[in-house]
K.L.:
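Sharing a structure here in structure tokens format.
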Protein chains: 2
Amino acid sequence: MKESAIRPSLAIPTYPLGVTIYDIAEQAHVSIATVSRVFNDHPRVSDDTRARVMDVAEQLGYQPHVSAQSLARRNSHLVSAIIPVMTNDFYMGLMRGMQDALAQSGYDLLVYAARRPEEVSPQLARATQKGRSEGLLLASTPLTKGQVKQLKRRKQSVVLVDAFHPDFDSITVDNVKGGYMAARHLIDQGHERIAYITAAPEPPPAKQRREGYEKALAEANLDGDPTLVVSSDKRALGFVEEAGYEAMCTLLKRTPRPTAVFVASDVQALGAMRAVREAGLAIPGDIAVVGFDDIQVSAYVGLSTLRQPVYEMGKLAIEKFLMRVQHPEHPVSHTVFSPQLIVRVSSGGEPTREGSLGPNALQSDS
Amino acid sequence: MKESAIRPSLAIPTYPLGVTIYDIAEQAHVSIATVSRVFNDHPRVSDDTRARVMDVAEQLGYQPHVSAQSLARRNSHLVSAIIPVMTNDFYMGLMRGMQDALAQSGYDLLVYAARRPEEVSPQLARATQKGRSEGLLLASTPLTKGQVKQLKRRKQSVVLVDAFHPDFDSITVDNVKGGYMAARHLIDQGHERIAYITAAPEPPPAKQRREGYEKALAEANLDGDPTLVVSSDKRALGFVEEAGYEAMCTLLKRTPRPTAVFVASDVQALGAMRAVREAGLAIPGDIAVVGFDDIQVSAYVGLSTLRQPVYEMGKLAIEKFLMRVQHPEHPVSHTVFSPQLIVRVSSGGEPTREGSLGPNALQSDS
DNA sequence: ATACAGCTTGTAAGCGCTTACATCGTGAAA
DNA sequence: TTTCACGATGTAAGCGCTTACAAGCTGTAT
């Protein structure tokens, strides 16, 4: 019956459309159910039959059709990651962690890299198509109420990375603590006028880092000058080099000039350092700088910064996802990692030992 | 019939298992074939019916089940990318290009990131599972004869990036030319003892870069000293910082000492520069350095290098794939990009204008 | 000999969709 | 009025697999 009956039964038959369980069933003189059972490691199959089926399958070069399996099993064995921008070390580290954790899981990874915030929504729509994947890993993507509702309705297993929502598993870094550590470190170096460079509009992590910064300043009675918190004039510039440059130019005009600056991201910090240099000032002599992220460049330019355990975050994201798939009703969990202060020359402190060569050994295969 | 007959037909029915075309068909008083036609933009549907079906679909929040579509259409609308290591800017750029080109195509991207060469094979197996994806993008992955055969048998649309095989579409950078340009540039600076640092085992790109280097030296009658071509002692270390460091340490013991060195990758070049500095020598005064890749760090440490148009390569890879899917019998095409020499302080030449701030504006969203 | 447990296997009904083919109107042509 | 083309829709057979249920078989307890 079916296709297998139509196909020529030569000594070495050709299967232009691919070998199916029907072909195997025919040649091994069993039913398709038995073939299926063999491939699903069903216990109630005799060793004899199992061996025969395997033999035939091997000979014909059988491969199960994953779409058919997905449909019948109601499980795609795919997970979608929505990762904005994909430009820097943060997401690279995340990806590496995810890939490593995924290796043994039987799941494959669909990557949706949103280049701009407005791309997130259509990509979310694609990723949550029915049958597309079992779950979502959302990196640095704050969710709207509507999106939250939709995700719940579709019963997706979602894990948030670098973002928070009480109803979903999440993995974050303690940004408030990081901001506090940065400012505290600068205070410890004797600075009293410490600025903060943020992004506009201010994403949640930047806001939290600012809160930590403000807390440290308040504790040391150094707060009170709101003009020391700046961002680029150009709106929506985000965490880019140019934004840091512009913000620093603004800061350099303040009187008295700040003697230290904490920047919301390393990328901006690099721009800020350029502005300082171009103004003929010294780092850390005239202005001390601390960034956030510990990108690869930072180790080479001696930028003090806060390192995030990105690899671990990516790995844990997959683990949480797999756990969620197994136990949909398991209580939601939130993991908060502590950032690590890496002191280099830009802040004038005693250099951290392990900060010398960057977070991970640099690699390349091109 | 089928499930729709079983489901409760309340005013606002709930569909715990998801809305199917059967539900829509029932409520819109048409057959499932018509519903399907509406969603596939089949011309032979009256405007009236189309509107009614769309209305009902909207109300019920219908979403097609992609696995079912894949199965029925024999098309997954997925493409797999096998990308080794995923650690550096090369692959980031590739991914960005791919994602941009993919945006409007209706295809989604499965990413298989091989961390080590031995992981390629199992990932290839997964990616080529029947029904999994329509094609493969293979980055920096030389294929074995067996793999080539298998890929052809499975009739996958494959595009090679940074790798070559006559039977598949490919996109590469002219590594020989790049090596030649690097060496030629150093020769032009007056250097006569120019070394080459490669990786062991030597991947095809490194080998090609060496060939270009050797050609330039031969042309200038500067060849003849094979001890100037070195790699790390540790085998299988690849394009990593440490490998460059070790190789440079070896080179510094040669007498007479080379005055310039071309390194197969920027990552290794950074290690090499560290070795030079630790030996108390100056760059480029005592030793000039040229790398390959133009990673982000390079702009900041002033490393002269050869830039590859990674973004364009990624974009073109998708375009070639889409073309191949459309026209399976279209003749195979090979695109070779020219690398661009970026002169910075490490080679002592006249700095290239656009090399000042790195290949792409640095970005971050964390 | 009979009944029944337990293992192995087969039958058939899905999973949700696409699509070739058949059917039914309808208006235009004859 | 009859014929026919053609547009709109329905019917049903897949796509390749999983799995509930039924059935057949063996051996053992009765």
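Just so we're on the same page: letters track the sequence lines, and every chain starts at 1.
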K.L.:
Y22(B) side chain N/O closer than 4.0 Å to the phosphate oxygens (OP1, OP2) of dG14(C)?
P.N.:
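Looking at the OP1 and OP2 atoms of dG14(C), neither is under 4.0 Å from any side-chain N or O of Y22(B).
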K.L.:
For a quick check of understanding: with a heavy-atom distance under 4.0 Å over all strands, which category does V30(A) fall into, base, sugar-phosphate or nothing?
P.N.:
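It contacts sugar-phosphate atoms only.
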K.L.:
Could you work out, with ring pair (Phe, Tyr, Trp, His ring centres under 6.0 Å) as the rule, every residue matching H334(B), not counting sequence neighbours?
P.N.:
F164(B)
K.L.:
Quickly work out the N75(B) CG to dC17(C) P distance and round it to whole Å.
P.N.:
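One finds 16 Å between P of dC17(C) and CG of N75(B), rounded.
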K.L.:
Using five base pairs at each end, measure the axis-to-axis angle across the helix from dA1(C)-dT30(D) to dA30(C)-dT1(D) and round it to 10 degrees.
P.N.:
70°
K.L.:
Check I82(B) against T141(B) and note the closest heavy-atom contact, atom names and distance.
P.N.:
O-OG1, 4.3 Å
K.L.:
Show, in sequence, the C-alpha distance, side-chain angles and deciding distance for H330(A) and R324(A), and conclude whether the side-chain contact (heavy atoms from CB on, under 4.5 Å) test is met.
P.N.:
CA-CA 7 Å; H330(A) 198 277; R324(A) 175 67 46 206; 3.9 Å; yes
K.L.:
Using a heavy-atom cut-off of 4.0 Å across all strands, would you classify S67(B) as base, sugar-phosphate, or nothing?
P.N.:
nothing
K.L.:
Nearest-Å distance, CG (D23(B)) to C1' (dC17(C))?
P.N.:
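These atoms are roughly 13 Å apart.
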K.L.:
Restricting to pairs with a member in residues 48-64 of chain A, which pass side-chain hydrogen bond (donor to acceptor under 3.5 Å, both in side chains), not counting sequence neighbours?
P.N.:
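Applying side-chain hydrogen bond (donor to acceptor under 3.5 Å, both in side chains) to every pair that reaches into residues 48-64 of chain A, excluding sequence neighbours, yields S46(A)-T49(A).
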K.L.:
Do any pairs count as a side-chain hydrogen bond (donor to acceptor under 3.5 Å, both in side chains) and have a residue in residues 143-153 of chain A, sequence neighbours left out, and if so which ones?
P.N.:
T144(A)-Q147(A), K152(A)-D167(A)
K.L.:
Round to the nearest Å and state the distance from H42(B) atom NE2 to dC17(C) atom P.
P.N.:
17 Å
K.L.:
Hey, are K315(B) and E312(B) close enough for a salt bridge, meaning a charged N less than 4.0 Å from a carboxylate O?
P.N.:
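Salt bridge between K315(B) and E312(B), a charged N being under 4.0 Å from a carboxylate O: no.
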K.L.:
If only side-chain N and O atoms of Q69(A) are considered, is one of them under 4.0 Å from the OP1 or OP2 phosphate oxygen of dG16(D)?
P.N.:
no
K.L.:
Output yes when at least one side-chain N/O atom of S46(B) is less than 4.0 Å from OP1 or OP2 of dT9(D), else no.
P.N.:
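Indeed, a polar side-chain atom of S46(B) lies that close.
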K.L.:
Side chains of S133(A) and Y107(A): do they bring a donor and an acceptor to under 3.5 Å?
P.N.:
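On atom types as modelled, these side chains do not qualify, holding no pair under 3.5 Å.
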K.L.:
Quick one: is dG10(D) close enough that its OP1 or OP2 comes under 4.0 Å of any side-chain N or O from S31(B)?
P.N.:
yes
K.L.:
For residues S140(A) and D162(A), report the shortest heavy-atom separation together with the two atoms involved.
P.N.:
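In terms of heavy atoms, the two residues are closest at OG-OD2, 2.6 Å.
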K.L.:
If each of P43(B) and F39(A) is mapped to the nucleotide of DNA chain D with the nearest heavy atom, which maps nearer the 5' terminus, i.e. the 5' end?
P.N.:
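Nearer the 5' end of the strand: P43(B).
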K.L.:
Hey, what are the protein-to-nucleotides 19-26 of chain D N/O distances that come in under 3.5 Å?
P.N.:
unit_1, atom_1, unit_2, atom_2, d
dA20(D), N6, R37(A), NH2, 3.3

K.L.:
Can you find a side chain N or O atom of R44(B) that sits less than 4.0 Å from OP1 or OP2 on dG7(D)?
P.N.:
yes
K.L.:
Sequence neighbours excluded, which residues qualify as side chain to side chain donor-acceptor pair (under 3.5 Å) partners of T172(A)?
P.N.:
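T172(A): no side chain to side chain donor-acceptor pair (under 3.5 Å) contacts found.
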K.L.:
Give the rounded distance in Å between these two atoms: CD1 of I21(B) and P of dA12(D).
P.N.:
15 Å
K.L.:
Taking the side chain of L71(A) as heavy atoms from C-beta outward, which of dC17(D), dC15(C), dT9(D) is closest to it?
P.N.:
dC15(C)
K.L.:
Give the rounded distance in Å between these two atoms: CD of E26(B) and P of dG16(C).
P.N.:
14 Å
K.L.:
Figure out the CD1/P separation between I24(A) and dT18(D), and round it to whole Å.
P.N.:
11 Å
K.L.:
Take the protein atom NZ of K130(A) and the nucleotide atom P of dC15(C), then report the distance between them rounded to whole Å.
P.N.:
12 Å
K.L.:
What is the distance, rounded to the nearest whole Å, between atom CD of Q63(A) and atom P of dC17(D)?
P.N.:
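One finds 10 Å between P of dC17(D) and CD of Q63(A), rounded.
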K.L.:
Above 12 or not: heavy atoms from other molecules or residues under 6.0 Å from CD of Q104(A)?
P.N.:
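Open: at most 12 neighbouring heavy atoms sit under 6.0 Å from CD of Q104(A).
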K.L.:
Counting the atoms with a prime plus P, OP1 and OP2 as sugar-phosphate, which does S70(B) contact under 4.0 Å by heavy atoms, base, sugar-phosphate, or nothing?
P.N.:
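Touches nothing.
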